[in-house]
Structure formats: structure tokens, C-alpha cells
**Student:** 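Would you mind keeping the following structure in view while I ask a few things?
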Amino acid sequence: MWRFQREMKEDKGARWFELECVPKEYIFPKEYRPQNLDSPVCDSIPVISLAKSKAENGHSQPVEEILKASQELGFFQVINHGIPEKTVTDAMNVLKEFFDMQAKDTTTVTVPHKKGYIYTNSTYFAKDGVHLWRENVKHPCHPLEECIHLWPASPTRYQEVIAAYMVEIQKLSTRILEMICEGLGLEQGYFKDTSEVQFLSSNFYPPCPDPSLTLGLLPHIDPSLITILYQGGSTGLQVMKDGQWVNVGAIPNAFVVNIGNQLEIISNWKFKSAKHQVVTSTYETRLSIATFVNPSPNWIIEPAKNLVNELEPTLYKASQNMVNELELTLYKATQNMVNVLEPALYKPIQYKDYLLHSNAFGDDTAALQNGLR
Ligand SMILES: O=C(O)CCC(=O)C(=O)O
Ligand SMILES: [Fe+2]
């Protein structure tokens with residue numbers, strides 16, 4: 001009798017994912033379920049060392065490699081990035097502690113927006129009534145000094161540790177955008193006063209009894225210039241490549257960088273913004289930190305002037321609704337434009353309007369845009 005009672009008590013204290021089978025609310029319809037869960041990781045996602053290396057002629061090696069990766073898939077990993085390992089480990093530890101603390105308060109679904117951050121547990125994320133297998137915390141990060149004190153106050157080191165992490169991410173993102181600028185042939189400083197590391201979004205994906213039925217994060221394209229993701233050497237991230245989901249390798253101390261929808265537009269579709277999603281694992285917990293490097297809210301996003309010619313834009317590509325490559329080639333051919341003319345493929349739109357119209361962050365879009373204040 002005593003044993004039975006004890007087991008019951010332990011069950012009551014169990015976290016939402018400590019289960020033997022997947023509750024029906026988390027089971028996706030067949031067409032959404034993950035594919036290629038067990039396939040090997042994709043070694044065609046380039047791993048680029050940012051350590052300085054001299055160029056023989058033209059750009060330095062990292063610039064060449066970033067340019068190629070951004071054109072081909074829009075995903076790459078960077079190593080030798082210069083961010084101290086301790087800054088990253090501290091950030092991962094404090095976020096783990098944060099998620100552990102939320103577990104103790106099982107009633108919390110979401111924190112009121114005025115607190116300066118949004119925490120959501122797994123029951124909040126619904127697609128057609130199905131929940132994602134994750135918890136999430138997100139908050140604005142720009143300007144850093146104005147945001148820090150609005151972030152979670154516990155764990156007590158949260159604000160200090162995450163601020164230190166963000167300072168490093170700001171430096172890294174500036175460096176990567178400068179290289180992109182050089183690679184694309186944009187004028188120096190093109191992104192300098194027009195981009196900001198606006199949000200942090202951290203995900204906790206616990207082990208799942210049956211990963212073939214669930215998703216950690218739905219397929220999406222990021223509404224950023226670039227996104228810098230730390231995934232702590234765990235797997236689960238998948239990228240759509242040639243119509244197939246491929247697994248991104250788990251490289252310790254590397255950052256995954258992906259080209260966002262807005263840079264795809266600025267590059268006039270020279271760069272690709274790839275669809276990605278997160279699948280779950282039976283054994284592994286995945287903790288990720290995504291940081292969104294976005295255009296400043298008032299920046300009017302359009303193809304960079306020196307990447308297009310002076311013609312009136314004649315063919316627009318809606319940002320979410322793509323014209324395929326064949327269609328574009330045929331169009332250029334009929335206009336006698338092959339390799340000669342580069343019409344702008346996108347309509348100009350102010351970034352803050354784009355965010356609102358595309359509802360880029362779902363129900364949280366307006367709150368995040370207003371800095372949660
Ligand atoms: O959690 C991850 O690994 C992916 C996160 C992501 O893609 C996003 O936040 O946009
Ligand atoms: Fe993403």
C-alpha cells in the first residue's frame with residue numbers, strides 16, 4: 001500500500017513529457033509527421049572556420065565559403081568564431097535552470113507580456129489543435145541596456161549571463177554581416193545602422209516516447225536577416241534540401257547560421273532562405289538558443305540597388321509565395337535578359353509592416369514588436 005501511494009505521488013510530480021506514450025494532443029496528422037529521423041546527418045551543410053586566412057586573390061576564405069553556402073542552401077555552421085566557451089556554457093546552464101524552474105509551477109502557461117518576456121509551456125503551441133513537443137522563452141534584446149532588466153529575474157544570474165551572451169552574439173553577427181556585405185558586393189557598412197539583434201528565443205525539447213509522431217517545431221522560414229543558433233551539440237534540427245528533410249550535424253561549440261527571408265530579398269534571391277524544423281528524440285534533450293538578427297523596424301526592405309539594374313521592377317516574387325527558378329529563367333529568356341538584366345524580384349516593404357502582415361511571430365508578433373513594455 002505504501003509503495004503504491006509513493007508511486008502515485010511521484011507520478012503527480014512528473015513533468016509533462018515523462019510519459020510512456022505520446023498523448024493524442026501531441027500526435028500530428030500523417031502528412032506533418034517527421035521523415036528521415038534516423039538518416040545520417042547532412043555533411044553537405046558547410047562548416048566554416050572564421051579564423052583569419054589570407055586570400056590569394058579576391059575575398060578571404062570565410063567570405064568565399066559563406067557566399068557559396070548562402071547561395072546554395074542558406075545554412076552553414078561556424079567554428080573558430082571567437083566566442084568564449086564559458087559564455088556559451090553559462091547561457092545554456094542558466095536557460096536549463098530557467099526551464100527546470102517553470103516545471104515546478106505546473107499552472108504557468110504564459111507570462112503576461114508586460115513582464116518583458118514570454119514563456120510558454122507545451123500546451124500553448126497548437127497547430128490545428130496539435131501541440132508541439134517543446135517549451136519556449138523569448139524576449140527582445142535591443143537596445144540591450146533597455147531590455148535586460150525586463151528579462152526573467154530568476155535564476156538570479158539570468159540577466160547578467162544572457163546579456164554577456166548577447167554582447168558576443170552582437171559581435172559575431174556584425175562580423176558575419178560584414179562578410180556577407182563583402183561577398184555580395186554591397187557597399188561597406190550596408191547593415192551597420194540598419195540591423196539589430198532583436199530577439200532571443202530559447203527552446204527546450206525534452207525526450208519524447210515516440211519521435212515519429214511529434215514535432216518540436218513546425219517547418220518555417222525565419223523572418224530575419226540572419227539567425228544565429230546554438231544547439232549545444234545536439235541533433236534534431238532538419239533543413240529542407242532538394243525536397244528532402246536532412247539532419248543538421250551536432251558540432252560542439254559551433255553556431256548554426258541561416259539566411260532569413262529578409263536577406264533573401266535584399267540579395268534579390270541570390271541567397272536562399274531554407275525551410276527548417278525540429279524533430280524530437282527518444283533519449284536526448286535539446287536546448288537551443290536562437291537569436292534573430294533583424295532589419296531595424298523602419299528599414300524599407302527591397303533588393304539592394306547595386307544588385308539590380310535600373311529597369312522598372314516587372315516581376316515580383318511575394319516573399320512567402322515563391323516563383324520557381326524555371327519560371328524566372330524562362331521570363332528572363334523571353335525578355336532577352338539572360339545574364340544581362342537583373343530585375344528586382346520583390347516589392348519594397350517596411351520591415352515593421354512586413355512583420356505585422358506576415359504575423360511572423362504568431363500571436364506574439366505585436367507584443368514582441370512593442371518590446372513587451
Ligand atoms: O530550436 C531550434 O533548434 C530551431 C529554432 C528555430 O528555428 C527558430 O527559432 O526559428
Ligand atoms: Fe528558425
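Whatever order the structure lists them in is the order used to number ligands and atoms, beginning at 1. Here, residue 1 is the first one in the sequence, and each next residue gets the next number.
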**Student:** Within a reach of under 6.0 Å around CD of Glu20, are more than 12 heavy atoms found that belong to other residues, nucleotides or ligands?
**Tutor:** no
**Student:** Would you mind running through ligand 1 and noting each atom that sits below 4.0 Å from a heavy atom of Ala290?
**Tutor:**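 Reading through ligand 1 atom by atom, the close ones are 9 (O).
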**Student:** Looking at Phe292, which atoms of ligand 1 are within less than 4.0 Å of one of its heavy atoms?
**Tutor:**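 Answer for ligand 1: 8 (C), 9 (O), 10 (O).
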**Student:** Check the pair Lys68, Glu72 against salt bridge (Lys or Arg N to Asp or Glu O under 4.0 Å), reporting the backbone distance first and the verdict last.
**Tutor:** CA-CA 6 Å; Lys68 187 163 182 280; Glu72 285 174 0; 3.6 Å; yes
**Student:** Examine the side chains of Asn136 and Lys138 and answer whether a donor and an acceptor come within less than 3.5 Å of each other.
**Tutor:**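 Yes - a donor-acceptor pair under 3.5 Å links their side chains.
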**Student:** Given the side-chain rings of Tyr117 and Trp151, with only the six-membered ring counted for Trp, is the space between their centroids under 6.0 Å?
**Tutor:**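 Not under 6.0 Å, so no.
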**Student:** Return the option from Thr291, Leu287, Leu217, Leu218 holding the heavy atom at the smallest distance from atom 6 (C) of ligand 1.
**Tutor:**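 Among Thr291, Leu287, Leu217, Leu218, the closest heavy atom to atom 6 (C) of ligand 1 comes from Leu217.
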**Student:** Would you call Arg15-Asp100 a salt bridge at under 4.0 Å N-O?
**Tutor:**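 Judged by the 4.0 Å cut-off on N to carboxylate O distance, Arg15 and Asp100 do form a salt bridge.
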**Student:** If you measure from each heavy atom of His276 to ligand 1, is any distance below 4.0 Å?
**Tutor:** yes
**Student:** Does Arg286 reach ligand 1, in the sense of a heavy atom lying below 4.0 Å from it?
**Tutor:**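 Arg286 counts as a contact of ligand 1 under the 4.0 Å cut-off.
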**Student:** Consider only side-chain N and O atoms of Thr194 and Ser296, and report whether a donor and an acceptor are under 3.5 Å apart.
**Tutor:**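 Note: Thr194 and Ser296 side chains miss the donor-acceptor criterion.
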**Student:** Counting from 1, what ligand 1 atoms have a heavy atom of Ser288 closer than 4.0 Å?
**Tutor:**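 Reading through ligand 1 atom by atom, the close ones are 1 (O), 2 (C), 3 (O).
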**Student:** Once rounded to 10°, what is the value of the angle centred on the Fe ion (ligand 2) between His276 NE2 and His220 NE2?
**Tutor:**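 Seen from the Fe ion (ligand 2), NE2 and NE2 are separated by roughly 90°.
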**Student:** Is the closest N or O pair between His220 and ligand 1 shorter than 3.5 Å?
**Tutor:**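 Between His220 and ligand 1, an N or O pair is found under 3.5 Å apart.
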**Student:** Do His81 and Phe255 make the cut of ring centroids closer than 6.0 angstrom?
**Tutor:** yes
**Student:** Only N/O/S atoms count here: what is the atom of Asp222 closest to the Fe ion (ligand 2) called?
**Tutor:** OD1
**Student:** For ligand 1, which atoms sit closer than 4.0 Å to a heavy atom of Asp222?
**Tutor:** 10 (O)
**Student:** Looking at ligand 1, would Thr227 count as a contact under a 4.0 Å heavy-atom criterion?
**Tutor:** no
**Student:** Tell me yes or no: between the side chains of Ser273 and Asn261, is some donor less than 3.5 Å from an acceptor?
**Tutor:**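 No, no side-chain donor-acceptor pair sits under 3.5 Å.
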